[in-house]
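To keep things clear, I will list the structure first and then write my remarks on it.
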Amino acid sequence: MVRWSRCRKWPFALVVGCAIAICAEPWPQPPCGGEAFPPYPTLETSPTVRVWKSSGADHAWKPPACTGWTPSDSSTIVVTAARFRFAESADGLRRRIGAVSETIGTLYWSTTQKRWQKLILDAHALAAPDGDQRRPDFSPKEVAEGQTLFFQQEDNLFGAVTYRMRIRSASAGRLVFDVENALPIRYLKIPVFQPGEVQSIYYLEPDFSPKKDAADVWRYYAMARTSGKASALIGGHEASAINRAVALYRRLAGIPTDQEPPAAR
């Protein structure tokens, strides 16, 4: 299910789904000791994706303290909430998180080309943020609480970008990690995002619902934010941002990334 929220000067949302309407819409709230918003959908209706646009210093979104993010006068926020089946333990998810090279070939639905195409063209782990010191994928033991890892990923929009991944929590009952660009991101050789202006944070935990079908089910909450003046580049391309977010969710959940239907056409 896709709910498309546009929040500019005031937190109002344009909801696209069953009908088009204008309604009050809260800001996103990750699962930090309280109820997540948007809430987790059912296993059958996953994922839910929403997009917010925050602009203007007086009405800018203030990130919850648990994210560690600072406020930005202008930002675009994309949130994906889902449930998915995963028969392995948290170690299996840690392996997927560390397997940077396995993201190569991740597909998403291009709303401009009207077809499935590669989102991630190349990716590899790095021994250090400077230079191209390639190394093997990170092992599950390296995806440990307190660790800071670096990798480079080349996508079909910005090319090769060096990212910093911090493991906030890595226990059997909760995985939390964040990712941000460690170096400037350039488009046509022009810097468009300074370090730390492209961020995402991921929360994964077992679903302890008493329902019979809750066995081996995990909850997924991902929040991505682009900040700074170049965040306006996302404007008018929300459907593409949604499809990119869903591709990353599907890859981690073990769902074919080109599974029909796409989240947004």
Side-chain angles (χ1 to χ4, degrees), residues 1-5 7 11 13 15 17 25-54 61-69 75-86 88-90 92-94 96-98 103 106 108 143 145 163 165-180 198-209 211 213-227 234 238 241-255 257 263-264:
M1 177 186 297
V2 175
R3 289 185 180 273
W4 189 343
S5 307
C7 302
V15 180
E25 178 84 332
W27 292 109
Q29 175 60 51
C32 304
E35 293 295 321
F37 187 83
Y40 294 102
T42 65
L43 191 65
E44 295 74 22
T45 59
S46 289
T48 288
V49 187
R50 297 196 188 185
V51 181
W52 284 262
K53 177 66 178 176
S54 170
W61 174 62
K62 295 177 176 57
C66 63
T67 64
W69 295 352
S75 62
T76 300
I77 306 111
V78 181
V79 172
T80 308
R83 284 182 165 92
F84 66 95
R85 289 201 180 278
F86 189 74
E88 299 179 47
S89 66
L93 285 174
R94 289 163 66 186
R96 285 192 184 174
I97 293 167
T103 64
T106 297
Y108 83 110
V143 183
E145 187 169 335
Y163 291 97
M165 176 165 57
R166 286 178 287 232
I167 312 303
R168 303 278 196 91
S169 177
S171 66
R174 188 171 172 87
L175 289 169
V176 182
F177 64 99
D178 65 58
V179 178
E180 66 180 19
V198 175
Q199 302 167 293
S200 55
I201 188 165
Y202 302 82
Y203 301 83
L204 298 106
E205 53 191 10
D207 187 354
F208 295 113
S209 168
K211 294 181 180 179
D213 64 350
D216 300 329
V217 173
W218 282 72
R219 293 186 295 189
Y220 172 100
Y221 189 100
M223 183 162 57
R225 177 178 75 162
T226 55
S227 303
I234 306 298
E238 288 87 353
I242 287 169
N243 287 338
R244 289 167 181 265
V246 170
L248 298 178
Y249 153 69
R250 287 178 172 179
R251 184 263 159 188
L252 189 60
I255 300 168
T257 52

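Values reported hereafter were calculated over all heavy atoms of this structure, with side chains retained and with hydrogens, waters and symmetry mates removed.
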Would you say [X] and [Y] make side-chain contact, with heavy atoms under 4.5 Å?
X      : Y      : answer
Tyr221 : Cys32  : no
Thr67  : Pro30  : yes
Glu145 : Ser171 : no
Arg225 : Pro63  : yes

Closest heavy-atom pair and its distance - [X], [Y]:
X      : Y      : answer
Ile97  : Val143 : CG2-CG1, 4.1 Å
Trp52  : Pro26  : NE1-O, 3.2 Å
Trp69  : Gln199 : CD1-NE2, 3.4 Å
Ser75  : Ser227 : CB-OG, 3.9 Å
Leu204 : Phe177 : CD1-CE2, 3.8 Å
Arg251 : Arg96  : NH1-O, 2.9 Å

### Message
As a test of understanding, state which of Val49, Ile255, Val78 forms a side-chain contact (heavy atoms from CB on, under 4.5 Å) with Val246.
### Response
Val49
### Task
Let me see the working for Glu88 and Leu93 under side chain to side chain contact (heavy atoms under 4.5 Å, CB included), right down to the final yes or no.
CA-CA 8 Å; Glu88 299 179 47; Leu93 285 174; over 6 Å; no
## Note on the structure
Separation between CZ (Arg50) and CE (Met223), nearest 0.5 Å, reads 14.0 Å
### Query
Just how far is it from atom CH2 of Trp61 to atom CH2 of Trp27, taken to the nearest 0.5 Å?
9.0 Å
#### Entry: Check against side chain to side chain contact (heavy atoms under 4.5 Å, CB included), Thr80 and Tyr220
CA-CA 8 Å; Thr80 308; Tyr220 172 100; 4.0 Å; yes
### Query
Hey, is Asp178 close enough to Arg166 for a salt bridge, meaning N to O under 4.0 Å?
yes
Side chain [X], main chain [Y], donor-acceptor under 3.5 Å:
X      : Y      : value
Arg250 : Thr257 : yes
Ser46  : Arg83  : yes
Asn243 : Ala264 : yes

### Query
Just checking, is any N or O donor in the side chain of Thr45 or Thr42 under 3.5 Å from an acceptor N or O on the other one?
yes
### Query
Tyr40 and Asp207: side chain to side chain contact (heavy atoms under 4.5 Å, CB included), yes or no, with the steps?
CA-CA 10 Å; Tyr40 294 102; Asp207 187 354; over 6 Å; no
### Message
Assess the residue pair Cys66 and Tyr203 against the criterion (side chain to side chain contact (heavy atoms under 4.5 Å, CB included)); give the C-alpha distance rounded to whole Å, side-chain angles, the decisive distance to 0.1 Å, and a yes or no.
### Response
CA-CA 11 Å; Cys66 63; Tyr203 301 83; 3.9 Å; yes
